[in-house]
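As the structure lists them, so they are numbered: ligands from 1, and atoms in each ligand from 1.
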Amino acid sequence: MNRIALSSYRRITVKIGSALLVDRTSGLRREWLAALVDDVARLSAAGTEVLVVSSGAIALGRTILGLGRRTLRLEESQAAASVGQIALAGAWAGELGRHGLTSGQVLVTLGDTEERRRYLNVRATISTLLKMGAVPVINENDTVATTEIRYGDNDRLAARVATMVGCDLLILLSDVDGLYTAPPERDANAHFIPVVDTITPEIMAMAGDASSELSRGGMRTKLDAGRIATGAGAAMIIASGKEMNPLSAIERGARATLFRPSPTPVRAYKTWIAGQLEPAGRIGVDEGALKALRSGKSLLPAGVKAVSGAFSRGDTVAIIGPDGQEAGRGLVAYDAADAVKIAGLKTSDIADVLGYEARAAMVHRDDLVLSARHPGKREVEGQNAQDA
Ligand code: GLU
């Protein structure tokens, strides 16, 4: 099975389905939440930023209000969301607080992520929470969202949030443990798919339209989320949250489907990288690596000649060419100590030296912005137009 080192990711959005958090009769599954938050706290202590997209407001409100299983009218489910959300947010704040983590509630509507100005506003709020070390706990603002203008499912909402703030991984935890060639509850011959490189129409067709009773999102909305996330350069994992500590389970190799990020993503946060005022470190690269970077590749440890500065994974570093000039800036995927250990190594040797599987690139191309080059220099360096 895949063992996935979650702490090798820089920023992760974890989406939690209603059926995991809420039991129809007893309400909030507090022990499960506490165990999940243990996982979140561990990742956070390892330097990975975590955002939570938590469903469950309507389901929890329904239980608290004693509404049973009947179909709710719009205003009833909005009232249920109102009652449920306040309890849900309180539970998150309480559990994160046990680990000394602060949380901030963010409720968004579809319009908040679709309209540019509001989108930038939400993004700024979430980014600021992260900068302050708080864990954003996000849900759709179900109390005011109308039937026509709402996400309705938190899978796509989570994908939008993940791409908005440049997450490199989105994890969808629900009662399904991954993608199958057909909905497994309906087709006994369905077989499990561990890795998806590209979400093709054939992959989309595997989804069917099944959804569990408490949550709105079926496999279809999960694959829609996958398209959004991978298209923006983030990986996505669909995994079961039925067991306790589901994030630890993923790391131990529990069944899960990994969707690889698109090799040619579109990213808005490059401007943010380029705009960092003071890089935390410097990475010297050889001529071959520099050429590779300029043709759109990632910086691999093999091309690294020198590492300086006391940076942590996710910090901005300056990339220095053989001529001593800054060739670009990027978010580094390793702490300085590990970067020193693997400088000059082939990708295949990295796991042996570090003792864990991690992202191969020192600076991933998605996290990289090259400096504009002085026009005269190009001739001196003997490079051709293709590099420009
Ligand atoms: N926003 C809804 C809630 O909190 C959940 C939507 C979903 O299940 O995806 O109840």
Side-chain angles (χ1 to χ4, degrees), residues 13-24 27-30 32-33 36 51-93 103-114 122 126 136-162 170-176 207 209-229 236-242 246:
T13 293
V14 183
K15 181 261 171 177
I16 296 126
S18 300
L20 299 175
L21 274 168
V22 182
D23 179 89
R24 211 183 298 116
L28 187 70
R29 297 180 63 215
R30 190 87 192 203
W32 183 91
L33 175 62
L36 175 80
L51 296 82
V52 172
V53 173
S54 175
S55 303
I58 297 173
L60 186 55
R62 189 192 259 279
T63 315
I64 296 172
L65 291 165
L67 299 176
R69 294 172 67 173
R70 69 184 169 83
T71 308
L72 302 181
R73 295 196 307 275
L74 176 64
E75 63 274 22
E76 287 176 323
S77 58
Q78 292 187 309
S82 166
V83 169
Q85 182 61 37
I86 204 167
L88 195 60
W92 277 106
S103 46
Q105 175 182 258
V106 182
L107 298 178
V108 295
T109 57
L110 186 67
D112 293 329
T113 56
E114 300 301 300
V122 178
I126 297 177
V137 178
I138 303 157
N139 195 1
E140 182 157 23
N141 195 349
D142 295 306
T143 309
V144 296
T146 57
T147 324
E148 310 79 48
I149 320 168
R150 69 197 300 257
Y151 275 97
D153 69 87
N154 275 355
D155 296 325
R156 291 174 308 144
L157 174 67
R160 286 307 299 262
V161 166
L170 168 65
I171 302 177
L172 301 181
L173 293 177
S174 71
D175 50 6
V176 296
D209 56 3
S211 59
S212 80
E213 194 190 323
L214 282 176
S215 71
R216 285 152 198 284
M219 189 52 74
R220 167 66 56 167
T221 60
K222 290 181 175 44
L223 294 183
D224 285 342
R227 278 186 169 168
I228 296 169
M236 184 175 89
I237 293 172
I238 295 180
S240 167
K242 282 186 179 162

Worksheet item: By number and element, which atoms of ligand 1 are closer than 4.0 Å to a non-hydrogen atom of Ser55?
Response: 4 (O), 5 (C), 7 (C), 8 (O), 9 (O)
Worksheet, complete the sentence: Note: heavy atom closest to atom 4 (O) of ligand 1, options Asn139, Ile138, Leu107, belongs to Asn139
Discussion item. Strictly below 4.0 Å, N to O, side chains only: are Arg29 and Asp23 in salt-bridge contact?
Written reply: no
Discussion item. If you compare all heavy atoms of Leu67 against all heavy atoms of Arg70, which two are closest, and at what distance to 0.1 Å?
Written reply: O-CG, 3.7 Å
Worksheet entry | Under 3.5 Å: N/O of Lys15 near N/O of ligand 1 | no
Worksheet item: With a cut-off of 4.0 Å, which atoms of ligand 1 are near a heavy atom of Ser18?
Response: 8 (O)
Fill in: Asp142 neighbourhood, listing ligand 1 atoms whose heavy-atom distance to it stays under 4.0 Å
1 (N), 2 (C), 3 (C), 4 (O)
Worksheet entry | Minimum heavy-atom distance between Val53 and Thr13, given as atom pair plus value | CG2-CG2, 3.8 Å
Item to complete: Ignoring hydrogens and angles, tell me if any N or O in the side chain of Trp92 forms a donor-acceptor pair with the backbone of Gln105 under 3.5 Å.
Response: no
Practice prompt. Check ligand 1 against Asp153 and write out every atom of the ligand that is under 4.0 Å from a heavy-atom position of the residue.
Written response: 9 (O)
Discussion item. Is it the case that the side chain of Gln78 and the backbone of Asp142 share a donor-acceptor pair, with hydrogens and angles ignored and the cut-off at 3.5 Å?
Written reply: yes
Fill in: Minimum-distance pair of heavy atoms, taken over all atoms of Ser18 and Ser55
OG-CB, 3.4 Å
Worksheet item: Looking at ligand 1, does Gly56 have a heavy atom less than 4.0 Å from it?
Response: yes
